[in-house]
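What you are looking at is a predicted structure, and each value in this text was computed from that prediction instead of being measured.
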Amino acid sequence: MAANQQYVYPEPDEIRIEAVLAALADPVRLDMVRQLADAGTEISCSGFDVAVTKSTLTHHLRTLREAGVIMGRQQGTARYNSLRRNELDALFPGLLQGVLAARR
């Protein structure tokens, strides 16, 4: 596991398909991943458009991070999240593209 300031996330060779699929199976987390993919850049924790409490959002972000779907970084008081698209595409070709293209 690599540490990025206070965040811990798996190295690419530690990412498991089961964890990725479990993380993406939740509708809120899937929506968050779609928002990151659509943005094409980082999104701050407060920048996600989801109807959940702050503590629930934190849980979803941690689940995505621990599964290896996203990375997070701290900048001042803000936390920014980015999709690990290149790593996921290399590990599981077509998976993320298929999931993101699926009918909503």
Side-chain angles (χ1 to χ4, degrees):
M1 294 268 189
N4 181 352
Q5 292 191 342
Q6 72 184 45
Y7 295 110
V8 176
Y9 53 91
E11 293 289 345
D13 64 343
E14 298 172 322
I15 298 173
R16 300 291 172 249
I17 188 71
E18 299 87 352
V20 172
L21 291 173
L24 295 175
D26 182 276
V28 172
R29 290 191 292 265
L30 179 56
D31 184 43
M32 292 167 66
V33 169
R34 284 183 168 140
Q35 288 179 46
L36 282 166
D38 289 346
T41 189
E42 298 175 316
I43 297 178
S44 68
C45 292
S46 62
F48 285 98
D49 183 18
V50 290
V52 297
T53 64
K54 185 177 179 179
S55 63
T56 301
L57 176 64
T58 299
H59 164 75
H60 286 308
L61 289 167
R62 182 177 59 246
T63 300
L64 289 168
R65 196 172 49 251
E66 290 176 353
V69 177
I70 67 171
M71 290 180 71
R73 69 175 181 86
Q74 186 83 26
Q75 183 175 330
T77 59
R79 295 179 183 173
Y80 292 91
N81 305 279
S82 58
L83 187 58
R84 295 178 74 178
R85 188 169 202 143
N86 291 339
E87 291 145 315
L88 292 172
D89 287 346
L91 290 167
F92 314 113
L95 173 71
L96 197 53
Q97 179 181 343
V99 168
L100 294 172
R103 192 170 64 179
R104 298 177 187 211

Notebook entry, point to check: Under a 4.5 Å cut-off applied to non-hydrogen side-chain atoms, are Leu95 and Leu88 in contact?
Noted result: no

Check: Do Glu87 and Pro10 have side chains that get closer than 4.5 Å, going by heavy atoms?
Finding: no

Next item on the list: State whether a side-chain donor-acceptor pair under 3.5 Å links Ser55 with Thr58.
Entry: no

Checklist line | From CZ (Arg84) to CG (Asn86), nearest 0.5 Å | finding: 10.5 Å

Check: Rounded to the nearest 0.5 Å, how far does CG of Leu91 lie from CD1 of Ile15?
Finding: 5.5 Å

Item checked: For Ala19 against Ala67, the heavy-atom pair lying closest together -> O-CB, 3.5 Å

Item checked: Arg79 side, atom CZ; Ser46 side, atom OG - distance, nearest 0.5 Å -> 11.0 Å

Notebook entry, point to check: Does the side chain of Arg73 come within less than 4.5 Å of Ser82's, by heavy atoms?
Noted result: no

Margin query: Quick check against the 3.5 Å criterion: does Glu14 have a side-chain atom that pairs as donor or acceptor with the backbone of Glu11?
Written below: yes

Next item on the list: Please answer whether the main-chain N or O of Ala37 pairs with a side-chain N or O of Gln35 as donor and acceptor at a distance below 3.5 Å.
Entry: no

Notebook entry, point to check: Can you find a heavy atom in the side chain of Asn81 that is under 4.5 Å from one in the side chain of Met71?
Noted result: no

Notebook entry, point to check: Is the shortest heavy-atom distance from the side chain of Met32 to the side chain of His60 under 4.5 Å?
Noted result: yes

Checklist line | Leu96 side chain reached by Val33 side chain, heavy atoms, under 4.5 Å | finding: yes

Check: Mind checking whether Ile70 and Ile17 sit in one hydrophobic cluster, side chains of I, L, V, M, F, W, Y counted as touching below 4.5 Å?
Finding: yes

Next item on the list: Measure from the side-chain N and O atoms of Arg16 to the backbone N and O of Asp13, and report whether any donor-acceptor pair falls under 3.5 Å.
Entry: yes

Note to self: Evaluate Lys54 against His59 for side-chain contact (heavy atoms from CB on, under 4.5 Å), listing each step before the verdict.
What the structure shows: CA-CA 9 Å; Lys54 185 177 179 179; His59 164 75; over 6 Å; no

Check: Going by heavy atoms in the side chains, are Val28 and Asp31 under 4.5 Å from each other?
Finding: no

Check: Between atom SG of Cys45 and atom CG of Leu61, what is the distance when rounded to the nearest 0.5 Å?
Finding: 5.0 Å

Next item on the list: Determine, stepwise, if the pair Tyr9 / Glu66 fulfils side-chain contact (heavy atoms from CB on, under 4.5 Å).
Entry: CA-CA 5 Å; Tyr9 53 91; Glu66 290 176 353; over 6 Å; no

Margin query: Side chains of Leu100 and Arg85, heavy atoms from C-beta outward: is any pair under 4.5 Å?
Written below: yes

Next item on the list: Might you work through the side-chain contact (heavy atoms from CB on, under 4.5 Å) test for Arg34 and Leu30, ending with a clear yes or no?
Entry: CA-CA 6 Å; Arg34 284 183 168 140; Leu30 179 56; 3.8 Å; yes

Notebook entry, point to check: Can you tell me how far the OG1 atom of Thr41 sits from the CG atom of Leu83, to the nearest 0.5 Å?
Noted result: 11.5 Å

Next item on the list: Begin with the C-alpha distance, continue with both residues' side-chain angles, and end with the deciding distance and a verdict on side-chain contact (heavy atoms from CB on, under 4.5 Å) for Val20 and Phe92.
Entry: CA-CA 10 Å; Val20 172; Phe92 314 113; 4.2 Å; yes

